[in-house]
Structures are given as C-alpha cells and as structure tokens.
Amino acid sequence: MLNKLLDGLLNPPPPKFHGVMGIWYYVDDAADAVKMLREAGHKNLNVFSPVPHHEIEHALEQGPSLVRWVTAVGGFLGATGGFALCYYSISSWPLVIGGKELFSLPPFTVIGYESMILIAGLSNLLGMLALARLPQLKQVAPYDPRFQEDRIGIWVPCDAATAARLESMMKGHGAEEVQVHA
Amino acid sequence: MSTTVKNLAMDGVNDVADRPLDQKTLNSDVMSMISLPGKVWWTIFILDLVVLGVALALVRNLIVHGWGVSGFMRPVMWAVDITNFVFWVGIAHCGTLVSAVLFLFRSHFRRAVYRLAEAMTVFGVLTAAMFPAIHTGRPWFDYWLFPYPNQRQLWTNVRSPLEWDVFAVNTYLTVSSIFFLVGLIPDVAACRDRAKHPIMKLLYTVISFGWTGANYQWKHFYGAYLFFAALATPLVFSVHSVVSWDFAMAQTPGWHSTLFAPYFVAGAIFSGVGMVIFLLVIVRKAYNMQHIVTIDHMEKLAKLVLLTSCMVGYSYLTEFFMAWYGPNKAERDVFWFRATGHYWWAFWIMFSCNVVFPMLLWMKSFRRNMTALLVLSIFVNIGMWFERFVIIVTSLTRSLNPANWFYYKISITECALIAGSFAWFFMFFLIFLRVLPSFSIAEIKETLPMPKRRGH
Amino acid sequence: MSDSVVFNRRDFLKLVGIGVAGAAAGCAKPPAEKLIPYLNAPEDILPGVAYFYSSTCRECPVGCGIVVKTREARAIKIEGNPEHPIGMGGLCARGQAGLQGLYDPDRVKSPMMKQGNAWKAVTWDEAITTVTAKLAEAKGKVLLVTGNETGSFRSLAGEFVAGAGGQHVMYEPFAYESVRAANAKTFGIGSVPRYDIGAARCVVSFGADFLETFAAPTNQARGFAAMRTKHDDGAGHFVAVEPRLSLTGANADEWVAVRPGGEMALALGMAHVILAEGLGSGVDAGLVSAFTPEAVANSTDVPAETIQRLARMFAKHRPSLAIAGGIATQSAEGTALVAAVNLLNFVVGNIGATVKFDRPLSFDGVASFAQFKTHIDAMAAGDVGLMFVHGANPAYATPKWAGFAAAAAKVPFKVSFTGVLDETAELCDLILPSTHALESWGDAESAGGVHSLQQASMRPVTVFNARPVGDVLIALGKAAGFGAAWPDAYFDYLKARWQPLHARYGAGRDFETFWLDVVKKGGVWEDAATPAVRWTGAPAFAAPQYTGTGDFSLLIAPSSHLYDGRGANKPWLQETPDMTAKAVWGSWAEIHPETAAKLGVKNGDALEVATDAGKAQLPAYLYAGIRKDVVAVSLGQGHTAFGRYAKDRGVNALDFVAQATDAASGALAYQGSKARLAKGTKAMPLYLQQAEKDQHDREIAQVIPVAALLAGAVGVGHAAEGHAVEGAHGAAKFPGHYPAGFGVHEPAEAMTRPGKFTEPLARPDSFQTPAHAITAYESKEKARSPRQNPVDVGSYKHAKHRWAMSIDLNTCTGCAACVVACYAENNIPVVGPELIKKGREMAWIRIDRFEEKLAPGANDVRFVPMMCQHCGDAPCEMVCPVYATYHNPEGLNAQIYNRCVGTRYCSNNCPYKVRAFNWFDYAAPEKTTFAFPEPLNWQLNPDVTVRSKGVMEKCTMCIQRILDGKGHAKDEKRELTDGEFTTACAQSCPTQAITFGDLADPEAQVHLKSFGERRYWVFEDLHTKPGVTYLQKIQRDSMSEGHA
Amino acid sequence: MKKTFAIVLVLVTLVAASVAFTQSFGVQMGDKKGPTQPIAYSHETHAGKLQMDCRYCHYGASKSAWVNIPAVSTCMGCHKIALTDKPEIIKLTAYYDRGEPIPWVKVHYLPDHVKFNHKRHVLAEIACQTCHGPVQEMAVVYQYSSLKMGWCVSCHRDNLDNPKFPATMDCLACHH
C-alpha cells in the first residue's frame, strides 16, 4: 500500500521531451561533440556527467559561478549582525561585569566572526541551490542512471525536423548511442 | 560480514574483493556497503542502544535530582561533563580539517577518507553539543543562553567566554552539517538511481535534491564547495580556540594561559585523526575497501598524527617550563600536583598516550601496520580524553585557596555520561555506514584515469 | 525560577491571622490561594515589617541580653542586645542557634504519659490531675531538678518545693565549683569573678577556654579584642598554658605545653620567681618556696628559663591577668590550681584591677557535682517520691558511674518539663512540654546587679501544645492546695517580683512606665559595689593525682558549639565546624601525629580510647597542637535521644571520665583520667570541612610583626611600592593598585597610646578615592565614561555608595558566631555531614583556619573569615553567560538566583572559592534533601529568596538589610548615616572584628579601616580589587618577655 | 497542489512565530474576569461610588513592603450599623461572630523570587490604579497588569532619570 503510494510519488509518468540525447563513453569525444554542436548553433544544450570534466567545461565556455557573491554578501550581513547584536544587547541594559569596558572590540569580534561564518555558510548553500536550480522537481531532459556511473550525456532540445540531422552528427562524433525524442 | 548480505537497495552488487577500479565498479563497490546489515552489525547496534538507554536513565536522574548525584563539589565544579564536551568537539575537528583544509591544499589523499571524517565531525558535534546542555544546574532554562527577544528585556552576556561557545559550537554544528550534506548530493543521486526499496529511494531522492549531474549543476556545486571549504577552515581553528578560551579566559592557575588556543587546536586534530584512523582501519577491513582506502592513505593520516603529537608534546613541555620559569607560585603548585599529586596516574596516562607512544610512528613499518595503527589510535583517544580531564580537574582541585581543597571522586553518573557519549556517537555512525555512501564516489572518480579515445 | 516555596507563608498567616500576597510557586499560576486576614487588626503588627523585642538568652547559664527580630509575629533572628553589659551586642554561635531550639521539629507536641515503653498523648487537665495526685503521695519527698536559675523562677521553685515538701537542686555540668571554692578559700568570696581582660596588658591562661565556654565568653571576647589591639611596649601579649591548644589557645602568641595537671605548679613557680625577684609581694614567700623554677620544670616539662621569662613578663606588664578556669580546673586539684593562680594574680596586684568581684557571675547556689551525687544516692535509696526535671539533662550530663539512670528507676514517678525528648525525659513517666525561652516570660540575674528580663517575643508556636513551666508549677501548686498565694499566671508572679527592683531603680517612674522601659531595654543593671579583697590564705598545694592506668592523659573539653551537649539538637551548631579540627557532625579524638605514627593510625582512622570508666572507638584527628602524651575528646555528642539531629552521633566523652572528684570543691574531675590508646577496628567517618590547614605561602592570612608596625610610616611607605615589610613570613604586602604612601599617617604618638588602633585612623592628606570605590566625588563626565570608571555608567548613574567590609584578623578569635548568624539571616540550608565531607557546604561565610606554626613555644594559628569579597573586578562576573552575576551600582557583586542557569563557571573562576552551588533541592519538601522540616521553615527570613536546585548562591552583604536601611533613610528624607545598619555577621561578631559600611564615605569606619594601616587584600596580585579589606594580625615576638 | 501546500506552511509558521513573539513580550491577552470571592465585596461600590481612599482599608500600602488585606473588624467598623440587612453583610457578620477570618481568594500573582515593595512605590506617588487598574470600576477585582518582568522594567526604564523619584534598573532591587 505504502509502497504503491511511494512508487507513484517516486516514479511519475515520464514527461514528454523534444530533442536528442547522445550518450558518450570517451571524454574527449564528448568534448568535441559539445564544441561541434555549439558551433552548429545549438547553444542551449545540456551535458550530464558523473564527474565534471575540464575539457567539456572548456567546450561549454562556462564562466565562474556567481555563488561567491551571494556568500560574500551573506558574510558581510552576518558580521554586521553579530556586532549589532553585541552593541544592542549591552546598550539596552548596561550591566558592568568584572569592571570591564561595556563596549569592547575583542569579545564582539568573536561573536561577529562566528555569526559571519554562520550566515555566510547558509547563504552559500542557498546561493548554490538557487543557481544550480536545486531541488529540481521536474526533469529538463530525459535522464539516464548511467550518468551517475561512467557515461556522459549530451541533450539538445530541438524539433523533429532537426532531430535526424543531430543524430547523425552525434553518431559521427563517437556517440555510443543516440536517443531521439520527438 | 557483507558476504552474507541479502541485497535490497542495489541490484547485482556482490561482495567486492581487491581489484582495480574503474568508474562503474567504484559505484558498485562503495554502494555495496549500503545494504541490510548482518548479525554482527545488529549485535553491535543493539549493545550500543542498551548502553545509551542506561546512560539516558542516569541523565534523567541527574536532571530530576540535580547535579548532586554526580561526584562534583567545590572546588571541582566541572569535571567529566566538560571533559566530554571538549573531547568530542576535538574529535569533530579533524573531519572538517581533512575535508576543508586539505581540499584547499589540493592534497588528493583526502578524497578517499573525507566522507567518513565529515560524518564523524557531524556526529561528534552532535555528541559534544549535548554536554553544555545537560551540564547546567537547570537544563530546562538552557534557552536563556541564546540571545532572543523576550518579555524580560534581558539579553545574554556577549562578553562571557561561555556565550562565545554558544555561538561557536552552534555555528560549527550548522556549517559542518551543511558541508557534509552538500558533499553527499552527487553520491546520493547515484544511490537513488540504484535504490530499489521505495523508502530508501524516497530518502535518497530527498537528499539528492533531484541531482542529475548536469553541467550547470556541477559548475555551481564546485563553486559553492570551494567556499564551504574556505569558510570551514577558519571556523575549525576559531571554534576550538573559543573552546580553549573557556579555560584560558579564567584566572584559575593551570587554565590561565595564552598557549591554550593553538595547543587545543593541535590536540583536537590529533585526537580527531586518531579517531578517523580507528574508524577507517575497521571499516576498510570489515567492508573490504582496501582498494579504495589504500595503505598509502592510512600512512599519510598516520604522519598527520605524528605531527600533531609532536605539537601537543611541545605544548605540554612549554606549560611546565612556564610554570617553573614564571613567578606564579600557585601555577607552579598546580603543575607539580599534576605530575605527582593525587591524579598523577591521569597525567601519566595522558603523557604516555599522547607523546610517548605516537613516537613509534617515526617507523615506516609501524605506520603501514594496520593493527598497530588501530591500537595506537585507541591509545591516542584515551590519552586525549585524559588530557582534558587533567586540565580541568587537577587545575580546579588545586584552586587558589587551600582552605577548600577537596578531591574529586568520579561517580556512576559520570561513567554513564562517558559511556553514553560513545554510544550516542556510534549509534549515528553505525546507521550512517549502512545508509549513506561512506566514501565519496564523485571525488574518488576524479582521481581515476578518464577514458579517452586519443590515448593519454 | 521554579523554586518551590519552602516556607508556606499561609501557615504562619493562619498562626497570626495576617493576610498578605502569598507566595506563588514559580511563574505558573498556582491553584487559587486563600488569603487569611486578621480577625481583629492589631495596631502594632503590620505584615512585612520587622519588630524587635529585647529578651535574655537561655542557651547557657550566663544569660546575655538579646534582641529577637520577628516578622509577622514569628521570631526569625536573634541578635545581641547592645545595651546589655554582658553580651554588649555580640552573641555567640550558641545564642544565635537558640532559634532552632524554638522551631525544633522534634519538640514534644503535647503532654505525654509513658505506658510501658510507649508514649501516649494526654490532655493538660489529665496530666495536671495525675501530677497533683502524685504530689499528695510524695509529700515531703519531692525533688525538683533544674539548670542554673537566677531569677524569679528560682524563687517560685523554692516556694513550690517548700509547699510540696522537698528540695530544689540546680545542676550544671560546668558549675565552676573549683573557682568558687578557691575564691572562697583565698579571698572569702565564693563566686566566679569578672575577668576584665580589656584592662589587662598581658594575659596568661591556665587552661581556661575563656573564648569558648568558660564564664561569659562573649563578654570576655570583647575584652580580649581590646587587649590584643594594644601593642605598644610589648603589651597585648597572650600566653596559653595548656596540654592541648584549644581554640582560645590558638589565639595565643605562645603555647606552653604543660604536662596535664602541671598548671598549678607552673603558676606557683611563676609566683616563686616574682616573689624571689621582688617583682611582687603580698603573700608569704614560704607558701611557694618549694616551687623553684627547676623543681617546677621537672614536674611540668616547662624549661626553667621559660618559667622565669613568663614570670617577669607577667610582673612587668601590669595590670596583667592570669585566668584559671574551664577545662583545666575541672580536675581533682582544680581548687588548688585556681588558688595558685589567684595567688599569682594577687602578688602582682591584679585582684581588683583585672580580676573583679563587682559583677560576679551568678553561679551561687548551683549544686556541685558532689552535692548532686548525694541527691542521686537519695533517689537510689528511695528517698525521692516524685521528681521534676526542667532545663537539665543529668541522664546525659553525668558519668555512667554516677548511676543516675539506675537511681531514677527507683523514683516512683518522674515528670519532665523538657521541650525535646532528651535522655532524662526518656527516663520519666510524664512529659509536660514547656514553651521555649523565646515564647515565655522570665528573668535572670545574669551577673551581680545585672537584672535581665526575658520577654516572650512571640506567641507559642501553634504546632506544639506546650505551656510555660512557671504556669504549670503554679497550676500544680494551686491544685495541690499550697499555692493559694500565687497569682494565676507566672507572668504576674514575675511582674510582682520586679516591684522591689522598681523601688530601687524606679527613679520616680510609676511601675508601669518602669516596666515598659525595662521590657524595651531588656532589663536594668547597676554597677555593683566592688568588695574589698584580702588574701585569706591558700589551700594545700598537692601534686596532681591521676586515676587509672595508661600511657596517655585524657583531656575532655566542652565543645565551643555544643557546650555540654545541649546544643547538639541544633543543625546549625552541628554544621558549623569545630574551629580546632574543622570537623562537623560528630566526635573525634585528637592525638599528636607522632603518637599516631607510633600507633599506625592515619587521619580519620578509628582509634580505641580506653579508661577505667569505659572505652569507645572514635576517628582520630592528627593535631600537632597537643602533647604527645595526651589524647583529647570534646563533649557534646553521643546522645541516645534528644531529636534527629543529636541522636546517635559520635561518642559521649563523659563515658571516659574516671570516678574522681575534687575534694575541695566537689567538682567532677573531667581531667586526670589515664587513657590507653589502640588502633581501632570499625571505621568511623571524620567529617572535615577544611582538610588543608597550610596556606602554601598564598598569603591569605597575613601578619605584621610588631616591629614593622611600630616602624609605621617607614614600613607602610616602601610597602606602598609593593615590597614586603621585612619581618616574619607572610608579613605585610601592600597593594599595588593604591598610590604610593597611601593611607600613611603619623605613627609617632599613635604608637605610644594604648588602644590607638581600636580607634578610627585619621584620613590622610594623600587621600585619593580608591579605584574601585563608587566615585561620588568624581566629575559627572568622568563618572559617565566607562573608560574612566567602569562602575558608574548606564543605569548606574544614581550610584552613591560602595558597600564594603573590613575584617581585623588581629581580633578575630575564630568563634564562628558570624557563620551561624549568616545561616540564620540568609536561609542557608543545612546539608549534613556526608555532603560537607564531599566539599558541598552551603555556608556563605566560613572561617578558614591556617596553622603556620603549631608547636610548643611561639604560636601562629590564623583565622580568616572568608566570604564573597565583592570584587570591583570580579572574575566571576565576566564569565556568566546570562548576567546572573554582575556588578551592582553600589559596588556589590550581585547574584540573581532566578536568572542563574547553573553553569558553575563563576565558582570555577572565583579565586576565593566562596560561591555555594545548590547540588540538590534543599528547598523542596518532597525531596529527601529537604533542609527545613516543619516547623524549622518558620524561621526562614521572608526577605530572602529560598534558593532552588541548580543555582549558585553566595554572600550578598545582606542586601535585604541594605535595602531596608536605605528605605528608612528615604522615608525620613535623609542621607544614610554610617553604622545605622550592618550585616548579620558584623552584628553578631563578639569582638567587632568585622566592620561593614560605605567605602565611598570618607568618614565611615569601614573606609578609615580599609585605608588605614595593616590593611591588605587577599590575592591582591590578581587585581580583583576586593570590597573586603583585611587587617593583618599583629605578630608578637613571644620569646622576649613580651618585648616588641 | 505543491504551491498551495507551501503557502499554507509559510502562513502557519508566520502565525505561530508572531503569537510566540507577542506572548514573549507579555502582551495582555488575558481575561478580564476575577475569581469569585467568598463575599461579593465590590470595590466599585466602596472605592468608586463611596469614594473611599484605598488606604482606608489597605493601610499597610504606604507603611510596609506588603499590603494588608483588611481585617474583618475593619469591615465591621461600618457594617455593624450600615446595611446590616443585606445578604452579603449578613454573611460578613456571620464570619465575624464565628470569630473566623474570611478566606479571600488571591487575585494578583508574583513569583516568590520577586521582592516587590509596595511602600516604596506608593510613597513615590504612584497611583494604585497604575498597576491595579481602575479598581474603582471593578465589581469583581481581576489582575489588570501582566505583572511580568518586562512590564515592571519598562516603567523603571522610563523613570530612570525621574528627578523626584529616580527608578533603578539594578536587579538586586527586586531579586535577592
């Protein structure tokens, strides 16, 4: 009963896709294919791989991730938040302890520093999830478990007309297998 | 033990013997651990739960009747509680160190071991965090330690080292857990694809966030991962420094020392790596993972132990030198008391386990002998527990005013706290072994030669 | 804070019928509470206001004046009555603890008749009729046994036995028979004199524990303090001649470890030297011709030169004072000893100067042990038909061989008026519970011409159906038909008895006004005329007699807290450590470490002590302050009844006392028994509250050699740079955080005038406000800036005071009265022996005993009252994560219980270790650790929160008193005046060693003391800037005839 | 489906949070209903209509830290003669004749670790109504203020610089 329900949840009827999915074993072939496809004007292709490959990244001409900025902002906010908390909590009810200064940097620094790390860490996570479009609730391309093992997949969304041409191109570039979704 | 396993989660994965890895077998090998546990595992697990149950019963006693049920008294108002806390925080530190610091240093041997180390970190902090919570006289008011707007218009004392602890430890718990979980995403995705049992599949599906391994995912994944490492590294050092300041900021002789922060950090890494070795030696043997975690990996860890052991030993000597050389009579008394007084045995256990025995690691043959490493790692952890015990108890026993020098006697409650903390830790760890990939598939894969048509 | 309300206010509200906002348990709303208002509103009593009644203490035979503090008509604290000539405002630990006798949970709830071995409650009417019948039967054979009674009750008792036909005997275990007998013999005055120690310039004590139990301790302590502050020209010297260094002896500059029983020879030897050298005169030198220093040296183990030195010192520093009494005189030759000492005093002319007979203590008429023994024999012989016992416990306080129990069995009917079921009451057939002294009217002639009134400070505790014993006697008399002349109530009888006093002291007032004044003041006192004292001859001075066999002499001392055992049912006294061994809740045998080594006994091991009278096992306490051939046990424990706190603890030392009395006085010879020691078999715990008595050069208790003190400015001057004054170890170290030369004043004429240092020192011109004083003087902007003055910012801007304390180690005798006062004032739970031994005592103030030198000769034992130092830069404050402890605007180190989470970090960081943690719930009635069983909780101070489990607590410098005092000043729209209120410890201190006040007031006593000479701060180098300033003990060079 | 779920979740959390927050600030959401007393004594009548001074009965307020509940004799002072026929007064007289105090039910709650001093506040010219509310309009007295710490502190905070009666924020003033 429960299992059935879970199955329903976990294996939804596969959505309909329009495009071509080529599957490669050799990394260099895949990289070439990517280059070729992009030159052929298919810039909106997606590559699936068990590990990131520099060749492919290079071929895709990816820039650096934007996460760093999110993290930086988070860290800044965290630090200010920490210091603000220290300042407010003391000024709202100034209690002298151990004859120490009410407002002194060293203790504040500890709090501010830890808060910075905390918020930076959290924003780093959120930034990554947002940019990498995680959690991914619906598939963008037909998925194959082998992508988590040793195969590389290249997905080019296109209409039925171009599909045939793409298939031959991929085959020409060492694709082990090409699935056409039309 | 995994030979007798009836495999549920995976299909077509049998016991793996030593053999060269390729991308596909790596997946299978690592995931072979994820399976319905056998008798051995269950025995250990049940025993663990029993110990934990007894401990919890005594903790309940503690809370109902008060800390009087323990052996604590004036002047020794902290003893095993904080000892455990520092010990487990220390254990926790190694994980982040291995995964974050070594990641930044691009030292590749980490890839084989960091997942286990990180798991240890998270569970270690979970264990450690319990002690500040239950060690208070009125645990039901612990939430007062967190700064939150309340009708009393009261705030916490941000100038107290203990309050720094609250921030540090909680930050550490949060960040290290995130680090751990994020690192898991690609591997869990792989598990997901193989999982048969719907509940397992659901679990993996949730943790893997629908990871597909698409290029845009990898891009941001590694972008973020780098920053996690960059954040976690300073965090490791700051957290244990803050923990050490719990003592260093006090003026109790034996505590009041500028040496403490680096000394504690070194000690933490020391004990942490010791624990990692302990776990790895057992796991790689029990699950035949020698081809994934190789002897070379182990030897590198052993060298790390040797290094930190030297640092710790140096700190001990420095402490004694300062006590002898400095003007403070009380300090001198404390250190003399440590080595020769009522708790001399604790001190010498600490010294031999942390400084003397590890010196064997200068021998390559010793470093590459798993049994030897196993034994040593146990000694290291015993030694490091006693280090905290010695620092806390002996210093307090010989407090400044001789008029109330009393000796602390450990009670059944504290014994339960010690046993319980280990039980608590291993409960998490045992489950982890059987549910999540204990070795980072994705990262190890990167170290494998990639199939290329045009040769290499 | 979820602290349960221990003292359920409603209970006593019912008692007095007051309605107030009752206490709610924690923050949760409790079930609807009932408020019970007065039925008829009395004009005088307001809820929440404290009322004070003067009365008289009945915890020992002396009868000091006391003031009883009541709230909502409950007595909650006892303090000394400053106007009273005996106590002079001070009150000893035993007096403070009287409160627990009043609220003792084991008090008899109603009259009880013995049936078989069980007690059956009866009504008062039944009881009275029974006794009346018995009175008729036993006509002429009635025996009324009481303690020392000096007032109206004595005459009532007299009239009663006269009517009933019988005798009234007053029994006191320590009746000082030998002192009285010897004085009768030598001076013709058979009473206990007043020792004016304050007038003396040097004191030699021949085994007299005059700071603990002998005569009037509080009074003598006050004089002792005055004597000790003198140090010009070698004055203020104190020598203790005793085989075992008692608490009194611990205060001495020199300990002469005389052979037991040798005190007399030593006194005579000194007299011999004085007469021989013509330093004194007045008696025929032939009397002491036999006692040449050499001869005496042989019989006492005291070197001849020491005897000569002491003699010369004694003669030189007149008026000097030699005291024989207490411990040493309770022996077979006690009378001879006192006579010898009288002779010694007489030849140097101390009689009348320091030994005064103007106000003799009223022991006249108290039966000697021998006399009491005759009564016991009479009982045994069946000559007693009916016995009444009140205020005496002979079944416990007489040695077994006296056979009291057996004799009592022969008495057909025995009635006890006791409040608690003590050993004697257990033997009786009927208990007529009497009200506690604090609940009943009475009076006493504490000393010649000192008529103290004992006022009932509250209505009898409703839990107990008790009656004033006077009323009962009257009722019985009337029932038996011989009391027709008496008024119905003892109160009226008493009042009538004061008519003659009114005639004498009325001074024109009509009786009622006179009476009211007396009630307010606590009595009337005159300066009785000083009788002329002549030497009327001495008794024969024989060599000491020892009874029994054994290598050791047994020394039995009354406990300074439990006295003769009557304090044993008071948890405060049990928990307050004996200041010699620092042990609690039991008894032990003190032996010399070397002796112990020979026996193979370690500290706390069982030791078997055997005399001819009996043997028992006790834990051994290794004490260097005792001769190698002496074993000492103190009295007071070993009760077989007397309530839960006293029963079955330790050993009753009287069981060791061999059968011997002092022929001349009839006193029981507590001393002089020979004892045999052996390693014990059964383990008996020794509950030490302080195990380590060496201060490890931590300079907690500091001394200043007289030389350095006389050097005055010089010493202080370069000390101000932080150097140690040259001199004995642990000498003055002066603080660095005060400017150089601070507190220096012209020493020249100061040194020459006696008593100078009891007076406040002039404020020096170089005065600068101390860094940690609240700076009322500083300019506003300076005061506002945290950098300038960390204790005057934010909400602190109205700060005006800096509460502080100064403690003079020179006058602290370690009597621990302050400890008990603090227990009483601050609702401190009693935790019992096991926890004390573990180091979990809850006391807020304790007295640390440090033994620098413990051997015959120069003596150096130091007592340090240690409580929260209220540091300006408190280490505990900065580590608390929740501000539960912080610095209050008035310089107090505050501890907020209900905010405390219980991390215990503050205690770990406290250098003085003066913070107490609530390990268990001492405040929860349902818990086994509950510390205030009904009705002990009635004593709790409503102004102080009762702390719950898991919170830290510590000295607050009696913040409730501070707030109260400030409140009064506000009401009267005036500034506070110095000394208008003080802390419980300072109030109780018999020697006024503790001074409390406002450090920011440059004229305040505490200020002048804190910045005068001899001041130092414990752990000053930690820069904690304590609010408690200690004054160094003056260390005298005792080996030079007292010269400085 | 998913969307609605998410929205609901968010809303629930927000509500919970805000409730907790406001609660934590001790905002009064309490009932205005006091307990029923053994005798239906009406402050409305005495303090309101008859304009009696509070301290005529609660005379302790300005003299002591604790306020006294008037004794039965105080009531009888008037009611020996006044309205003796009214049922409630008959009840009262019964108590008086039985020599039995009236078991009034407690209305205001303060935990035992708070040492509130009525005298100081009354002498500082703070009207009873400031804390006890419009008692003269209460037929049945109820607890008007939260009497929570924040409530005390806010007032003390405002009067820190009060020239005539400066308030303190020293914890020891109330907790000792």
Side-chain angles (χ1 to χ4, degrees), chain B residues 63-78 82 132 135-142 144-145 152 154-166 246-247 249-253 255 327-330 333 392 395-396 398-409, chain C residues 1-2 582 689-698 700 835 837-841 846 848-850 864 866 875 877-884 886 899-905 907-921 927 929 948-952 1018-1019 1021-1022 1024:
Chain B
I63 291 168
V64 172
H65 297 295
W67 268 94
V69 301
S70 77
F72 292 17
M73 40 69 174
R74 194 169 70 191
V76 186
M77 293 233 175
W78 286 351
I82 302 300
H135 101 286
T136 59
R138 305 200 291 168
W140 49 93
F141 285 134
D142 280 346
W144 285 352
L145 290 166
R152 301 178 211 86
L154 293 174
W155 293 90
T156 54
N157 176 8
V158 291
R159 285 166 288 179
S160 157
L162 222 52
E163 190 58 26
W164 305 345
D165 244 17
V166 174
D246 283 347
F247 308 103
M249 289 291 158
Q251 48 174 269
T252 315
W255 283 9
N328 189 337
K329 170 95 167 42
D333 292 352
I392 294 172
S395 309
L396 289 175
R398 273 296 186 265
S399 58
L400 276 158
N401 187 347
N404 46 23
W405 281 353
F406 289 93
Y407 292 126
Y408 163 72
K409 240 193 244 75
Chain C
M1 173 152 102
S2 63
K582 290 309 289 290
Q689 173 262 359
Q690 179 189 349
E692 181 63 52
K693 298 194 176 68
D694 172 2
Q695 59 175 330
H696 293 262
D697 311 341
R698 305 287 169 93
I700 295 162
L835 293 191
K837 189 170 186 234
K838 249 187 158 185
R840 291 177 178 177
E841 76 172 317
R846 60 171 198 268
D848 294 345
R849 176 188 168 113
F850 292 120
V864 190
M866 184 54 71
E877 290 165 1
M878 58 165 281
V879 299
C880 178
V882 292
Y883 285 122
Y886 71 100
R899 178 64 171 168
C900 178
V901 179
T903 67
R904 305 188 296 285
Y905 197 173
S907 174
N908 287 342
N909 205 21
C910 173
Y912 311 90
K913 287 285 175 283
V914 288
R915 291 172 151 266
F917 185 69
N918 286 269
W919 294 105
F920 289 108
D921 217 334
K927 291 271 171 72
T929 48
S948 78
K949 170 182 67 188
V951 307
M952 194 61 75
V1018 175
F1019 301 138
D1021 52 342
L1022 293 178
T1024 50

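Nothing here was measured: the structure is a model prediction, and the numbers come from that model. Order of the sequence lines fixes the chain letters, A, B, ..., with proteins taken first and strands second; residue numbering starts at 1 for each chain.
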Exercise. Got a second to check how far B:Phe72's CZ is from C:Ser907's OG, nearest 0.5 Å?
Worked result: 12.0 Å
Exercise. At a heavy-atom separation under 4.5 Å, does C:Ala916 approach chain B through its side chain, its backbone, both, or neither?
Worked result: both
Exercise. For C:Lys582, is it the side chain, the backbone, both or neither that has a heavy atom under 4.5 Å from a heavy atom of chain B?
Worked result: neither
Exercise. With distance as the sole criterion, is a donor-acceptor pair present between the side chains of C:Tyr883 and B:Arg159 under 3.5 Å?
Worked result: yes
Exercise. Side chain, backbone, both or neither: which part of C:Lys927 has an atom under 4.5 Å from a heavy atom of chain B?
Worked result: side chain
Exercise. Aromatic rings B:Trp255 and B:Phe247: how do their planes relate, parallel, tilted or perpendicular, breaks at 30° and 60°?
Worked result: perpendicular
Exercise. Has B:Arg74 got its NZ or CZ under 6.0 Å from the middle of the six-membered ring of C:Trp919, at an angle within 45 degrees of the ring axis?
Worked result: no
For this session: Give me the ring orientation class for C:His696 and B:Trp405: parallel if the planes are under 30° apart, tilted from 30 to 60°, perpendicular past 60°.
Result: tilted
For this session: Under 4.5 Å heavy-atom distance to chain C, tell me which part of B:Asp246 shows up: side chain, backbone, both or neither.
Result: both
Exercise. Would you say B:Phe141 and B:Thr136 make side-chain contact, with heavy atoms under 4.5 Å?
Worked result: no
Seminar exercise, completed: Whatever's closer than 4.5 Å to a heavy atom in chain B on C:Val1018 counts as neither
Exercise. Checking heavy atoms, do the side chain of B:Val166, its backbone, both or neither come under 4.5 Å from chain C?
Worked result: neither
Exercise. At a heavy-atom separation under 4.5 Å, does B:Ser70 approach chain C through its side chain, its backbone, both, or neither?
Worked result: both
Problem set entry | Heavy-atom proximity to chain B below 4.5 Å, by part of C:Thr903 | both
Problem set entry | Nearest-0.5 Å distance, CG of residue B:Asn404 to CE of residue B:Met73 | 9.5 Å
Problem set entry | Interchain contact, C:Phe917 with chain B, by part (heavy-atom threshold 4.5 Å) | both
Exercise. What part of C:Asp694 lies closer than 4.5 angstrom to a heavy atom of chain B: side chain, backbone, both or neither?
Worked result: backbone
For this session: Count the heavy-atom pairs under 4.5 Å between each of B:Lys329, B:Glu163, B:Gln251 and chain C, then report the option with the highest count.
Result: B:Gln251
Exercise. In terms of heavy-atom proximity below 4.5 Å to chain B, should C:Arg915 be classed as side chain, backbone, both, or neither?
Worked result: backbone
